Amino acid sequence: MAKKYQLIVVGGGPAGLTAGLYSARAGFTVLLIEKEVIGGQIANAERVDNYPGFPKGISGFELVQLIQQQAMNHGLETMSGEVTGLTSGYGNNMVSTTEGDFIAQAVIIAGGLQFRKLEVPGENEFMGRGVSYCATCDGPLFRDKTVAVIGGGDTALTDALSLSKFASLVKVIHRRNQLRASKVLQGKARADPKIEFIWDSVVTEVKGEKKVTDLMLKNTQSGTISLLAVDGVFVAIGLIPNTEYLRGVLPLDEWGY
Ligand SMILES: Cc1cc2nc3c(=O)[nH]c(=O)nc-3n(C[C@H](O)[C@H](O)[C@H](O)COP(=O)(O)OP(=O)(O)OC[C@H]3O[C@@H](n4cnc5c(N)ncnc54)[C@H](O)[C@@H]3O)c2cc1C
């Protein structure tokens with residue numbers, strides 16, 4: 001028989017942990033389910049400077065460990081597993097997971113986001129060997145190297161500016177000839193002598209041997225194919241909410257929000 005809780009929280013990032021802390025402290029029986037490692041995206045942050053109470057900043061990993069400890073001190077139960085389905089019924093929701101089914105009077109969805117991928121050959125193969133989705137995490141590995149940033153929004157330009165502190169050259173590859181990023185970021189990026197732009201181009205393949213060596217590019221206007229030598233590529237083309245299992249259960253827009 002499925003075990004019952006008053007509340008189930010899906011996702012163990014800062015949002016899920018905070019929900020778990022408040023509800024456990026309020027005296028509810030609460031199970032938090034996390035499919036990877038508790039902490040979510042912030043666990044990758046080298047230093048978090050904007051969390052109240054830490055005037056000198058704190059590493060993301062340390063921060064989530066503290067929040068988890070605080071929540072567990074108030075009785076939060078955590079479980080490792082992926083939520084794969086939800087059957088919604090007022091006061092009696094069935095939560096299906098890779099570890100079995102659970103019943104909860106209420107469910108809080110705090111599954112966060114994942115990075116959108118290029119979906120081209122070589123991307124998965126060279127992940128962690130030149131392909132990255134996190135400039136803050138991996139930028140220092142590319143000191144004095146040539147890197148590419150894919151995208152044209154705020155994230156792409158923030159990544160390019162952060163990478164230019166380490167890399168010798170940062171090539172921003174954008175599928176259009178205009179950026180979506182804010183004017184302030186555009187101004188900073190255009191003024192940075194280490195940042196160059198490659199317009200109207202998409203990556204069709206990530207090439208390499210042990211590590212990334214080149215990107216195969218296709219010009220979206222002329223169709224011309226070219227090879228660009230790089231040591232690393234940072235993909236910054238957006239985020240996807242982790243809500244696939246909620247399709248048909250909750251109203252979602254076309255982007256999954
Ligand atoms: C490198 C980096 C540095 C950052 N630095 C800062 C900073 O300095 N300051 C700041 O304010 N923000 C920072 N951020 C942003 C911050 O990390 C996010 O805003 C925050 O983590 C969002 O929290 P969340 O709990 O909503 O989602 P997430 O952190 O995305 O956590 C969601 C969790 O839910 C889990 N999950 C998803 N689906 C399921 C499922 N079906 N079953 C079970 N578990 C599931 C995921 O595995 C994940 O652990 C940074 C982000 C990154 C990547």
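Just so you know, these numbers come straight off a predicted model, no measurement behind them. When a ligand or atom number is given, it counts from 1 through the structure's own listing order.
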Top protein contact for atom 27 (O) of ligand 1, by heavy-atom distance | Gly112 CA, 3.4 Å

From Val202, Thr204, Val235, residue fulfilling side chain to side chain contact (heavy atoms under 4.5 Å, CB included) relative to Leu118 | Val235

Nearest-neighbour protein heavy atom for atom 6 (C) of ligand 1, which is reported as residue plus atom name and distance | Ile42 CD1, 3.4 Å

Gly81 touching ligand 1 at heavy-atom level, < 4.0 angstrom | yes

Is any side-chain heavy atom of Phe234 closer than 4.5 Å to a side-chain heavy atom of Val172?
-> no

Among all protein non-hydrogen atoms, which one is nearest to atom 31 (O) of ligand 1, and what is the separation to 0.1 Å?
-> Gly13 CA, 3.4 Å

Under 4.0 Å from a heavy atom of Asn242: give me the atoms of ligand 1 that qualify, with their elements.
-> 37 (C), 38 (N)

Test item: side-chain donor near acceptor, Asp138 and Ser132, under 3.5 Å = yes

Does any N or O atom in Pro14 lie less than 3.5 angstrom from one in ligand 1, N or O only?
-> yes

Select the closest option to atom 9 (N) of ligand 1 among Leu86, Asn50, Ile33, judged by heavy-atom distance.
-> Asn50

With side chains defined as the heavy atoms from C-beta onward, is the minimum distance between Leu7 and Ile108 less than 4.5 Å?
-> yes

Which one holds for Ala15 and ligand 1: side chain close, backbone close, both close, or neither close, with close meaning a heavy atom under 4.0 Å?
-> both

For atom 37 (C) of ligand 1, closest protein heavy-atom neighbour = Gly111 O, 3.1 Å

Determine whether Tyr257 and Leu113 make a side-chain contact, defined as any pair of heavy atoms from C-beta on separated by less than 4.5 Å.
-> yes

So, do Val149 and Leu163 sit near enough that their side-chain heavy atoms are less than 4.5 Å apart?
-> yes

Under 4.0 Å between heavy atoms, the region of Cys137 that gets near ligand 1 turns out to be side chain

Asp144 and Ser168 side chains, donor-acceptor separation under 3.5 Å = no

Heavy atoms, side chains only, cut-off 4.5 Å: are Val203 and Ile150 in contact?
-> yes

Within the structure, does Glu82 bring an N/O atom to less than 3.5 angstrom of an N/O atom in ligand 1?
-> no

Is any N or O atom of Val48, backbone or side chain, closer than 3.5 Å to an N or O atom of ligand 1?
-> no

The protein heavy atom nearest to atom 34 (O) of ligand 1 is Gly11 CA, 3.2 Å

For the residue pair Phe28 and Tyr5, is the inter-centroid distance of their aromatic rings smaller than 6.0 Å?
-> no

How about Trp199 and Phe197: are their ring centres within less than 6.0 Å of each other?
-> yes

Atom 3 (C) of ligand 1: the protein heavy-atom neighbour that sits closest, reported with distance to 0.1 Å | Ala45 CB, 3.4 Å

Answer yes or no: does atom NZ of Lys188 have more than 12 heavy-atom neighbours from other residues, nucleotides or ligands under 6.0 Å?
-> no

Should the proximity of Tyr245 to ligand 1, defined as any heavy atom under 4.0 Å, be assigned to the side chain, the backbone, both, or neither?
-> side chain

Which one holds for Leu113 and ligand 1: side chain close, backbone close, both close, or neither close, with close meaning a heavy atom under 4.0 Å?
-> backbone

Classify the contact between Val83 and ligand 1 as side chain, backbone, both or neither, using a heavy-atom distance cut-off of under 4.0 Å.
-> both

Atom 30 (O) of ligand 1 - nearest protein heavy atom and its distance = Gln41 NE2, 2.8 Å

What do you reckon, is OH of Tyr22 surrounded by more than 12 foreign heavy atoms closer than 6.0 Å?
-> no

Protein contact to atom 1 (C) of ligand 1 [nearest heavy atom, distance to 0.1 Å] = Cys134 SG, 3.2 Å

Among Met79, Glu34, Glu36, which one has a heavy atom closest to atom 49 (O) of ligand 1?
-> Glu34

Specify whether the nearest protein heavy atom to atom 44 (N) of ligand 1 is under 4.0 angstrom away.
-> yes

Would you mind reporting whether Leu215 and Leu227 have side-chain heavy atoms less than 4.5 Å apart?
-> no

